[in-house]
Structures are given as structure tokens and as C-alpha cells.
There are 2 protein chains.
Amino acid sequence: MTTHKATHKPANLTKGAQAVLDALGQVKELSSAQDIYGRLRQTGEKAPGLTTVYRALESLVQLGYVQAVDLGDGEKLYEVVEPGEHHHHLVCEGCGSSNHLDQCMVEEFEDAIRSKYGFQIKSHVLEIFGVCNTCQAKTSR
Amino acid sequence: MTTHKATHKPANLTKGAQAVLDALGQVKELSSAQDIYGRLRQTGEKAPGLTTVYRALESLVQLGYVQAVDLGDGEKLYEVVEPGEHHHHLVCEGCGSSNHLDQCMVEEFEDAIRSKYGFQIKSHVLEIFGVCNTCQAKTSR
DNA sequence: CTCTATGCAAATAATTTGCAAGCAC
DNA sequence: GTGCTTGCAAATTATTTGCATAGAG
């Protein structure tokens, strides 16, 4: 499986969007807009404002560089993805960590759904909650 | 094996919760807390307050009579389900309608995920967005 | 100069919380 | 009376918008 791993060099990005993308690229965990804003404030001295962060995220999502994830707790989370890609998470209720599923099971069903319901899939949301390996050990202690 | 298909008669519900459950049972579409609140105000003369609606929904979800759905647009939607059940939706971006998937594809993967990632699934979220049959016809016009 | 990007403050919107009154048993 | 339920208003939180300034070409 040749995943043609060519991380498109982000271009045409505003300064703010670039800063946000960088900040987002430095963390492995999902981050909220406010997280990013906070992180930028600490790191740089000339950090973009919250408004800019929101606007930057909006365009980055639009451009496909960033994926938005909504875990239902009132704030959206973001993470960097390969342009056009997307993925889903295993969110641990114990430690709050989230790992990517290396494969999107929904796509396997797209054809079936299309033919069964006559529904053409444009996008989807899939997040799985539970207890990760590590936390299972801790809990059963 | 008697499939004992007895729609558990909701008991022990507060007046408010009962009203909310009734209102929710009368609509086929997903409804927001505010929707329900509005509907209750119109219908009855002695309608519960917004606070009560929120609190009722919270307990109904807890009890398993109602399922909460978050489509990522900032407000949670609710619908009545058989106690303990849950299901996912095909949400049409054209007309906003949403239909249930008659089967939860995620459950088929639970074992695979458990053994592959050592992750124990407690719950999950799956919503599919696209264009329904009807709207495809309209759009291609 | 002209246009887009940015930032601050104010505006929204959904939901939650504090607290006093109402009802059930 | 005691305790759970309710409702109103105020508080909270995330996000958006108005508007005026700063920066790029």
C-alpha cells in the first residue's frame, strides 16, 4: 500500500493560519481553539488573537489541512491531517487520550449504504469512547 | 425465547421528564432542547421551563429512554429510543432530514478493535452526512 | 493607494447553576 | 414537615461579528 506520503507544503496561508497550523502540528493530542490560542500566547510574544485562531482554523479545515472533531462536549477539537484525509479516534474515558484508528470502517460501507438507502455520503463522523489498554489495567487494580 | 418486546413503560419519571418524553415521542425528527421547550409551550398551557427540559433530557438520557445526538452545530439533538438501544443517522445536507440506519456497523468492529488496540468500547458516535435520494433528484435537475 | 488580515470588544447562543417557592408523601 | 421538583434569573462558555487599524503588494 503506497500511501504516497507527500506532506503538501502549506502555501498561501496567512500569517495567523501558518502560526495556528504550526502550533497544531507540534501537539499530538487534539486541541481546541482555545488551547491553541493559549499555546500561541505562551510560545511566541507576538501571538495572533483568538479571533484569528478561529478564522484560521476555519480556513485550514476548508483547505483540508486540518480536521475538526466534535466529541460532544461543547468545544470543537482540531488536528493536522494530510490534505484531504481524515480519521477517527479511540477516546479513552480514563486518561482522555485519543488514538487514531488506522482505517476508516465507514468507507467500507459507503457503497452498501448508497445502494440500500439511495443516500450519497459526503462526510461522516465517527468517534469511539471507552477505556484504553493502560487504563483498563489501572481500573482493574 | 420470548423477545419480550414490551416498550418499558416509563415509570418513576418526574412530571417534567414525562412531558418532555411525550413531546419527544410525538416527533419523528431529532429535536433540540429548545425545540422541545418551544413545542411544549405551544401545546400545553402549563409547560415546564427550559431548565426543566434540560434536566429532564439529562435524566432521560441517563435512563436510556432518550438518545442524544451531536451533529457538531453547537446544539445537541435528542430522540426517543428503546431503553438501552441506540442508532445512527443519515443526515441529508439538502433537506436536513435524518433517517436511522437500521444497523450499527460499529458494533461489528468492536471485537476487532478490542483485540487490535486493546481498547474496550463503551460507546460511540456515528453520523453520516450526504444527500438523500430525494435531494439527489432535485439537485441533478 | 487598495485590499486583505488582524484584533479588540461587544454580541450571540446554548447550557448550567443558585436559590427560593411548590408539591408530594 | 422533609425532600425532591421546578422556574426564574444570573452566570458561564464557546464562538461569531462589527468595525477600525495594520500590513502586503
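Labels below follow one simple rule: chain letters A, B, ... track the order of the sequence lines, proteins then strands, and each chain is numbered from 1. Values in this document were obtained by computation on a predicted structure and should not be read as measured data.
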Fill in: Under 3.5 Å side-chain donor-acceptor pair for B/Gln26 and B/Asp22
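No - no donor-acceptor pair under 3.5 Å links their side chains.
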Practice prompt. Could you name each residue pair satisfying ring pair (Phe, Tyr, Trp, His ring centres under 6.0 Å) that touches residues 67-94 of chain A, not counting sequence neighbours?
Written response: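 Sorted result for residues 67-94 of chain A: A/His86-A/His88, A/His86-A/His124, A/His87-A/His89, A/His87-A/His100, A/His88-A/His124, A/His89-A/His100.
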Worksheet entry | Counterpart residues, salt bridge (charged side-chain N to carboxylate O under 4.0 Å, His left out), relative to B/Arg114 (two or more places apart) |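 For B/Arg114, the residues satisfying salt bridge (charged side-chain N to carboxylate O under 4.0 Å, His left out) (neighbours in sequence not counted) are B/Asp111.
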Worksheet item: Using a cut-off of 4.0 Å between protein heavy atoms and nucleotide atoms, how would you tag nucleotides 6-25 of chain C 5' to 3' with B, S and -?
Response: BBBB----SBBB--------
Hey, can you pull the donor-acceptor pairs under 3.5 Å for the side chains in residues 47-54 of chain A, sequence neighbours left out?
| unit_1 | atom_1 | unit_2 | atom_2 | d |
| --- | --- | --- | --- | --- |
| A/Tyr54 | OH | A/Gln34 | NE2 | 3.1 |

Worksheet entry | Listed partners of B/Glu85 passing side chain to side chain contact (heavy atoms under 4.5 Å, CB included), at least two apart |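 Partners of B/Glu85 by the side chain to side chain contact (heavy atoms under 4.5 Å, CB included) criterion, ordered by chain and then number, come out as B/Glu82.
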Worksheet item: Can you list the residues that meet the side chain to side chain contact (heavy atoms under 4.5 Å, CB included) rule with B/Ser59, with sequence neighbours excluded?
Response: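 In terms of side chain to side chain contact (heavy atoms under 4.5 Å, CB included), with neighbours along the sequence ignored, B/Ser59 is linked to no residue.
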Side-chain donor-acceptor pairs under 3.5 Å in residues 116-123 of chain B, sequence neighbours left out?
| unit_1 | atom_1 | unit_2 | atom_2 | d |
| --- | --- | --- | --- | --- |
| B/Lys116 | NZ | A/Asp102 | OD1 | 3.4 |
| B/Lys116 | NZ | A/Asp102 | OD2 | 3.1 |
| B/Tyr117 | OH | A/Asp102 | N | 3.0 |
| B/Tyr117 | OH | A/Asp102 | OD1 | 2.9 |

Worksheet item: Just how far, in rounded Å, is P of D/dT6 from CD of B/Glu58?
Response: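 Value for this atom pair: 13 Å.
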Practice prompt. Would you mind reading off the bend of the helix from C/dC1-D/dG25 to C/dC25-D/dG1 from its two end axes, five pairs each, to 10 degrees?
Written response: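 The end-segment axes of the helix from C/dC1-D/dG25 to C/dC25-D/dG1 are tilted 10° relative to each other.
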With a 3.5 Å cut-off and sequence neighbours excluded, list the donor-acceptor pairs that the side chains of residues 91-99 of chain A form with protein atoms.
none

